Amino acid sequence: MAGHRFDVAWTFSLVALFFLRAHCFYLPGVAPEDFKKGDPLLVKVNKLTSTKTQLPYSYYSLPFCQPEHIVDSAENLGEVLRGDRIENSPYVFKMREPQMCNIVCRKILDKKAAKAFKEKINDEYQVNMILDNLPLVVPIRRPDQENAVVYQYGYHVGLRGQYAGSKEEKHFIHNHLTFTVKYHKDPLSGSARIVGFEVKPFSVKHEYEGEWNEKTRLTTCDPHAKRAVTSSESPQEVEEKKEIIFTYDVEFQESDIKWASRWDTYLLMADDQIHWFSIVNSLMIVLFLSGMVAMIMLRTLYRDISKYNQLETQEEAQEETGWKLVHGDVFRPPANSDLLCVYVGTGVQFFGMILVMMIFALLGFLSPSNRGGLMTAMLLLWVFMGLFAGYSSARLYKLFKGTEWKKTTLKTAFMFPATVFAIFFVLNALIWGQKSSGAVPFGTMFALVLLWFGISVPLIFVGSYFGFKKPATEDPVKTNKIPRQIPEQAWYMNPAFSILIGGILPFGAVFIELFFILTSIWLHQFYYIFGFLFIVFVILIITCAEITVVLCYFQLCSEDYLWWWRSYLTSGSSAFYLFLYAAFYFFTKLEITKAVSGVLYFGYMLIISYSFFVLTGTIGFYACFWFTRLIYSSVKID
């Protein structure tokens with residue numbers, strides 16, 4: 001017995017380890033690059049980002065130092081949609097060769113350049129760089145814990161402050177960067193791999209003697225005199241006609257961290273323990289509720305079916321109440337049945353996309369090192385899942401005895417994508433107006449339309465053709481010609497009330513994880529715990545199914561047979577709570593002040609909530625569909 005218990009515990013531990021540590025797997029197919037001493041290391045610059053505006057800008061939209069030729073790196077579809085603009089930079093290092101006080105360039109600011117720098121400093125913009133596919137981070141010591149370091153992605157363009165004894169606020173630029181490149185050395189070959197890329201930014205008003213020329217030596221920062229920049233005591237002010245000299249140092253540090261686990265330090269969140277506790281807590285609550293719901297349903301249903309099957313005399317049959325009475329109407333097609341088919345088909349498309357994407361993420365294919373991979377995978381999976389959308393939509397349409405399947409197929413292909421595309425187009429126009437790099441170029445927009453019309457629409461038609469061709473599913477009971485009158489319902493069975501109540505439990509299953517997802521989207525953190533996300537997704541499916549089945553059962557017991565749309569809306573109403581939570585998050589966690597940024601936030605959250613509605617609604621609908629067919633096929637109908 002003890003051995004058996006040990007085996008079960010060991011198996012469970014392995015499964016748990018697979019799910020919860022899935023984020024540590026490195027992207028298969030990405031080969032490490034080995035560098036010998038003196039090999040050039042090319043630093044690339046990415047977009048400027050701000051959590052205050054949510055509008056990314058390309059690095060060279062500010063008058064920073066530029067290389068001779070600016071070369072764009074090839075970006076994938078996901079990177080373009082994220083607003084990534086990866087370009088080369090004037091910063092060139094040599095492997096394991098420290099450099100001190102390298103002068104990049106000297107700039108005299110005109111009115112336009114000074115204004116641009118000030119605006120970006122006011123909006124707390126951060127500069128993002130990349131070296132060997134690793135993002136640049138600023139290590140920040142936590143005052144509440146000894147030797148605890150958190151990493152901030154990218155360094156601030158500058159800061160605001162006052163001179164001692166002055167009340168006037170000035171803008172200061174970070175014009176000196178002290179880079180630290182961490183490497184792991186191979187003792188056999190002598191080559192090294194880069195495992196960390198850090199920076200400490202400083203604002204320094206550089207000084208020099210005489211006139212400026214290419215051979216000028218700085219007095220504030222001199223490699224010959226071993227004078228390094230260690231503080232921002234004499235900062236560089238941003239004003240028109242002011243001179244700014246951009247400089248940098250490079251240090252190399254040997255590290256014990258191996259290349260395969262170099263992302264681990266980046267991915268360790270500051271509130272990791274809270275995250276674990278919250279997820280486990282949520283799991284326990286939801287599993288307890290699920291157990292309760294399942295127990296009630298099984299006991300009640302078993303009693304009902306036994307009672308109905310034992311009714312023998314005509315008088316007893318006439319006196320019966322509850323869900324058996326509506327057997328002649330329960331499978332009557334609902335109003336707007338074609339629209340329901342469209343929404344169910346779209347929900348199946350979403351469900352398939354998320355399920356396959358989760359599996360890819362668990363296997364490590366969508367690790368943060370693959371920038372834009374998640375977005376690209378979502379789009380491609382959405383397009384190819386059109387086959388299942390068309391099939392499920394047509395199957396349901398045939399069940400409702402519909403004949404115009406092509407019309408329903410067209411609606412399935414266009415209704416949801418067109419709505420999302422229209423919102424996206426308006427938001428993109430707003431971003432264009434702000435001259436942000438987050439605006440999707442015309443070429444990418446054309447590629448998205450091509451994916452939609454060229455692949456998704458034909459696949460939906462193929463799926464619909466095969467779905468409609470198959471014989472219709474037979475209902476377990478016959479439908480009466482004349483609809484039965486629905487008795488007056490209790491206040492708590494009011495459709496609006498029961499639908500809103502039904503959405504609380506599915507939302508409760510995901511809202512803690514939702515906090516971390518919103519933080520990763522809007523506060524530019526990496527989201528990596530796909531193992532947890534998969535568990536939460538499974539819990540979401542269970543809760544959507546169970547709450548819909550329970551409320552559907554109560555509805556049928558009240559002799560109300562209009563369950564088709566209600567089952568979809570019951571679990572789908574969790575999207576309403578998601579949008580409310582997004583509004584709460586906006587006002588409590590974000591510091592967005594610009595109207596355009598606010599419109600962008602609520603526009604994108606509207607798209608996410610609408611998608612969540614379609615997904616959860618479809619899960620609830622299919623659960624209720626299976627449940628009604630099961631119970632009505634279990635009783636003897638005279």
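Bear in mind that the values here come from a model prediction, so they are computed numbers and not experimental data.
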S.K.: Just wondering, do Ile431 and Val440 contact through their side chains at under 4.5 Å, heavy atoms?
M.R.: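 The answer is no; the side chains never approach within 4.5 Å.
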S.K.: Please list, chain by chain and in numerical order, all residues satisfying side-chain contact (heavy atoms from CB on, under 4.5 Å) with Trp432, sequence neighbours excluded.
M.R.: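 side-chain contact (heavy atoms from CB on, under 4.5 Å) list for Trp432, sorted by chain: Asn428, Ala439.
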S.K.: To check you understand the geometry: which heavy-atom pair defines the closest contact between Gly372 and Thr376, and what is its length?
M.R.: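 Minimum heavy-atom contact is O-OG1, 2.8 Å.
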S.K.: Could you name each residue pair satisfying side chain to side chain donor-acceptor pair (under 3.5 Å) that touches residues 384-393, not counting sequence neighbours?
M.R.: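 Only Tyr391-Lys470, Ser393-Thr412 qualify under side chain to side chain donor-acceptor pair (under 3.5 Å).
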S.K.: Walk me through it: do Tyr568 and Tyr622 pass the test ring-ring contact (aromatic ring centres under 6.0 Å, His included)?
M.R.: CA-CA 8 Å; Tyr568 196 98; Tyr622 271 116; 9.4 Å; no
S.K.: Does the side chain to side chain contact (heavy atoms under 4.5 Å, CB included) test come out yes or no for Leu590 and Leu523, once each step is laid out?
M.R.: CA-CA 8 Å; Leu590 300 179; Leu523 295 180; 3.6 Å; yes
S.K.: Can you sort out the partners of Thr548 under side-chain hydrogen bond (donor to acceptor under 3.5 Å, both in side chains), two or more places apart, ordered by chain and number?
M.R.: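 Applying side-chain hydrogen bond (donor to acceptor under 3.5 Å, both in side chains) to Thr548 gives none.
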S.K.: Taking the six-membered ring for Trp, are Phe400 and Trp564 ring centroids under 6.0 Å apart?
M.R.: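 Yes - the distance between ring centres of Phe400 and Trp564 falls below the 6.0 Å cut-off.
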S.K.: Mind checking side-chain hydrogen bond (donor to acceptor under 3.5 Å, both in side chains) for Tyr610 and listing every partner two or more places apart, or none if nothing turns up?
M.R.: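 Per chain and number, Tyr610 pairs via side-chain hydrogen bond (donor to acceptor under 3.5 Å, both in side chains) with Tyr343.
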S.K.: Identify every side-chain donor-acceptor pair in residues 596-606 under 3.5 Å, counting partners at least two apart or on other chains, and give the distances.
M.R.:
from, atom 1, to, atom 2, distance (Å)
Ser597, OG, Thr53, O, 2.4
Tyr601, OH, Ala582, O, 2.6

S.K.: Kindly give the heavy-atom pair with the smallest separation between Pro334 and Trp565, and that separation in Å.
M.R.: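 The answer is CB-CD1, 4.0 Å.
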S.K.: Do Phe414 and Phe453 make the cut of ring centroids closer than 6.0 angstrom?
M.R.: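 When the ring centroids of Phe414 and Phe453 are compared, they turn out to be within the sub-6.0 Å range.
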S.K.: Looking at the rings of Phe350 and Trp382, which for Trp means the six-membered one, are their centres under 6.0 Å apart?
M.R.: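 So the answer is yes for these two rings.
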S.K.: Name all pairs fulfilling the side chain to side chain donor-acceptor pair (under 3.5 Å) condition that reach into residues 443-464, sequence neighbours left out, sorted by first residue then second.
M.R.: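 Of all non-adjacent pairs touching residues 443-464, those that pass side chain to side chain donor-acceptor pair (under 3.5 Å) are Thr409-Ser464.
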S.K.: Can you name the nearest heavy-atom pair linking Met353 to Met385, along with the distance?
M.R.: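 Result for this residue pair: N-CG, 3.7 Å.
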S.K.: Using 4.0 Å as the upper bound for N to carboxylate O, is an ion pair formed by Asp338 and Lys407?
M.R.: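 Salt bridge flag = no for Asp338 with Lys407.
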S.K.: Report the C-alpha separation of Phe388 and Gln349 in whole Å, then their side-chain angles, then the decisive distance to 0.1 Å, and conclude whether the side chain to side chain contact (heavy atoms under 4.5 Å, CB included) test is met.
M.R.: CA-CA 6 Å; Phe388 299 99; Gln349 193 171 0; over 6 Å; no
S.K.: Can you name the nearest heavy-atom pair linking Ser498 to Arg566, along with the distance?
M.R.: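 For Ser498 versus Arg566, the nearest heavy atoms are OG-NH1, 3.1 Å.
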S.K.: Testing the basics here: between Val330 and Tyr561, what is the closest heavy-atom pair and its distance to 0.1 Å?
M.R.: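 Answer, listing the atom of Val330 first, then Tyr561: CA-CB, 4.1 Å.
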